[in-house]
Amino acid sequence: MRKRIYLDYAATTPVDPAVLVAMRPYFNRDFGNPSSLHSFGQKAKSALEGSRNVIAGLIGAKSEEIIFTSSATESNNLALKGVAFANRDKGNHIIISAIEHDCVLNTALWLSKQGFEITQIPVGKDGLVDPERIEKSIKKDTILVSVIWGNNEIGTLQPIVEIGRICRKKNVLFHTDAAQAFGKIPIDVVRDNVDLLTASSHKIYGPKGAAFLFVKRGILLTPILHGGGQERNLRSSTENIGSIVGFAIAAEIADERMNSENKKLLMMRDKIINKILRKVPDSYLNGHPTKRISNIANLRFAFVEGESMIMELSAAGIAVSTGSACSSPKLEPSHVLLALGLRPEEIHGSVRISLGRWTTDKEIDYLIEVLPRVVEKLRKISPFAR
Amino acid sequence: MYSEDVIKHFRNPHNMGKIKKPDGIGKVGNIICGDVMWLYIKVGKSASRRKKDEEVIIDVKFETFGCTAAIATSSMITDLAKGKTFEEALKINKQEITESLGGLPPIKVHCSVLASDALVEAIYDYLAKNKRPISKELEERHVHIKREKEIIEERYKEWVGKQEEVVGEK
């Protein structure tokens, strides 16, 4: 078989073998429903609470502040809609950044149709939110600020601690979507002034179908799912125990290896950026050069289109992704790259390379060898290349 | 997602590049939308006995900025157009291009329209430059393609305005 190189870890990650082993018994041996009083149920219940303790401990939270959900999308929906509807009497203004993930952006757009007022804070050319602009946008009726911690497309890390401090000072709730950041940077919800935080399992070598929302004690949320009252009545549904157990193990492993993995990935990431930018004329880095997650590089190549780059790279066995309109179901360019002030034609040539636990130097060298050739080939077809 | 033939044409496109001193050029698409096709044609007398002395497209080349489907349809239209009379070439439509490629994902069918538009524009360019008669139908197609282009550019202007509004602070 032809070699396949996965460099799309920001999209999803394979499950770590140790995680798979740890979660497997909960699909058939310890399969009970945590709400059942018998021994099957109690076994599952204790695994569920054990997982909750582990995750809470990793971010400086209390166990009861962790609500398990099915996905980061669900957590973000619960955070925004939950706060919005529970605080309607206090105000109806919500602030988000211009580079939120679609699930925050579209939830906010939906809320605006329900009568809430949404302000989107622009970012600089480097993809960073200026906390001062958030402070200036907070009004008397502002109930929530939500800013993505690590951006999924360009990898920029936002000044979350500062934004949190401002929100605390102004007495406004602060939520952050940490789907890309959790497990990759140290997080302490108390130190970092975070009221609500979203994280997901499948971005950190856990299974799909598990995520959590940290909700600081005392914050009222209106649930989205009504039913049997699981998860402190905030998220009814029989708990996805196997995936939750896997998530907790994956989070523990990510925490243990955070420093060593970051060191390795950062070196690889910067090697890719430096070598490619040097080898390919008219190529650029999207997003801040250093304030970024260790595993994401987003590069832009003039005169060529991203979808065709993806296909050429895929033919060479390399899996990456693009923000080009041609690759999206809506045929619209990425709103994140637009927010950086890039023109649609510049966005078409953007490629996201994201590294992970099993990325090797050999794979990186292969990418550095193949990518410039792909760009060169497509530029030969392009009418714009010189 | 893509058929084998699409991938084949995309990876090894036929008739790629410029024609020096072309007899006609068709420039269609819009870089803002992500697809731009430039089609060059060379016109001459047919060498085949059947079309003896008839004017045919003796050479055709393309340059394309765009996705896999845009490049594959460009390559396919050059194959389909070569050796054809104008009358024959103008009959090449999106169905023929799409079918010749073993199908396109629904969302990419517009790329095949772009390819046939590029050929129409190249032929129109040749006829107009040489002050040759242009059929009513061709004139209409040319006007339609130009108008579509203008609409997209107009929509883009509005769209960029809208983006700034959404992204900007209120």
Side-chain angles (χ1 to χ4, degrees), chain A residues 93 95 97-99 105 108-109 112 117-123 130 133-134 136-137 139 302-312 314-316 322 324-333 335-336 338-341 343-349 374 377-385, chain B residues 1-2 6-18 25-40 61-72 74-75 78 105-111 114 118 152 155-157 159-160 162-170:
Chain A
H93 181 225
I95 297 171
S97 85
I99 61 165
L105 188 65
L109 287 177
S112 75
E117 188 197 342
I118 309 293
T119 297
Q120 282 192 54
I121 303 293
V123 294
D130 178 1
R133 291 192 90 143
I134 295 202
K136 279 187 201 145
S137 301
K139 306 190 289 190
F303 320 126
V304 291
E305 192 278 327
E307 196 247 37
S308 44
M309 271 192 274
I310 303 299
M311 292 301 291
E312 275 290 343
S314 178
T322 175
S324 169
C326 293
S327 76
S328 87
K330 289 178 284 179
L331 296 179
E332 279 173 11
H335 68 273
V336 172
L338 276 172
L340 300 186
R343 298 180 54 80
E345 61 264 34
E346 297 176 301
I347 295 168
H348 295 316
V374 165
K377 179 182 173 187
L378 292 170
R379 279 181 179 171
K380 272 190 192 143
I381 306 177
S382 168
F384 304 119
Chain B
M1 176 183 170
Y2 285 121
V6 170
I7 299 291
K8 231 185 264 170
H9 275 270
F10 164 67
R11 299 225 56 218
N12 293 299
H14 305 168
N15 307 305
M16 178 198 102
K18 269 189 184 63
I25 309 178
K27 293 185 176 183
V28 295
N30 191 311
I31 192 164
I32 294 146
C33 302
D35 292 313
V36 176
M37 238 174 246
W38 291 6
L39 205 75
Y40 306 84
K61 286 198 166 165
F62 79 92
E63 289 180 301
T64 292
F65 168 97
C67 63
T68 305
I71 290 169
S74 305
S75 169
T78 60
I107 200 165
K108 299 290 187 180
V109 169
H110 70 274
C111 293
L114 206 61
I152 285 172
R155 191 189 304 156
Y156 167 66
K157 264 183 224 152
W159 181 68
V160 158
K162 204 170 78 195
Q163 283 297 321
E164 275 164 5
E165 194 183 297
V166 170
V167 168
E169 267 173 295
K170 280 174 198 150

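Numbers restart at 1 for each chain; the letters A, B, ... are given by sequence-line order, proteins then strands. Note that the structure is predicted; figures quoted are calculated from it, not measured. The basis for the numbers below is simple: all heavy atoms, side chains too, and nothing from hydrogens, waters or symmetry mates.
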*Asks:* Using modelled atom types and a 3.5 Å cut-off, is there a donor and acceptor pairing between side-chain atoms of A:Glu307 and backbone atoms of B:Thr68?
*Replies:* yes
*Asks:* So which part of B:Ile31 gets closer than 4.5 Å to some heavy atom of chain A, the side chain, the backbone, both or neither?
*Replies:* both
*Asks:* If I take atom CD from residue A:Glu312 and atom CD1 from residue B:Ile71, how far apart are they, to the nearest 0.5 angstrom?
*Replies:* 8.0 Å
*Asks:* Name the option with the most non-hydrogen atom pairs under 4.5 Å to chain A; the candidates are B:Lys18, B:Glu63, B:Met16, B:Lys27.
*Replies:* B:Glu63
*Asks:* If you tally heavy-atom pairs under 4.5 Å against chain A, which of B:Ile7, B:Ile107, B:Thr64 wins?
*Replies:* B:Thr64
*Asks:* Could you tell me whether the side chain of A:Ser382 and the main chain of B:Phe65 form a donor-acceptor pair under 3.5 Å?
*Replies:* no
*Asks:* Which heavy atom of A:Ser308 sits nearest to which heavy atom of B:Gly66, and what is that distance?
*Replies:* OG-O, 2.9 Å
*Asks:* Is A:Lys377 close to chain B through its backbone or its side chain, or both, or neither, when contacts mean heavy atoms under 4.5 Å?
*Replies:* side chain
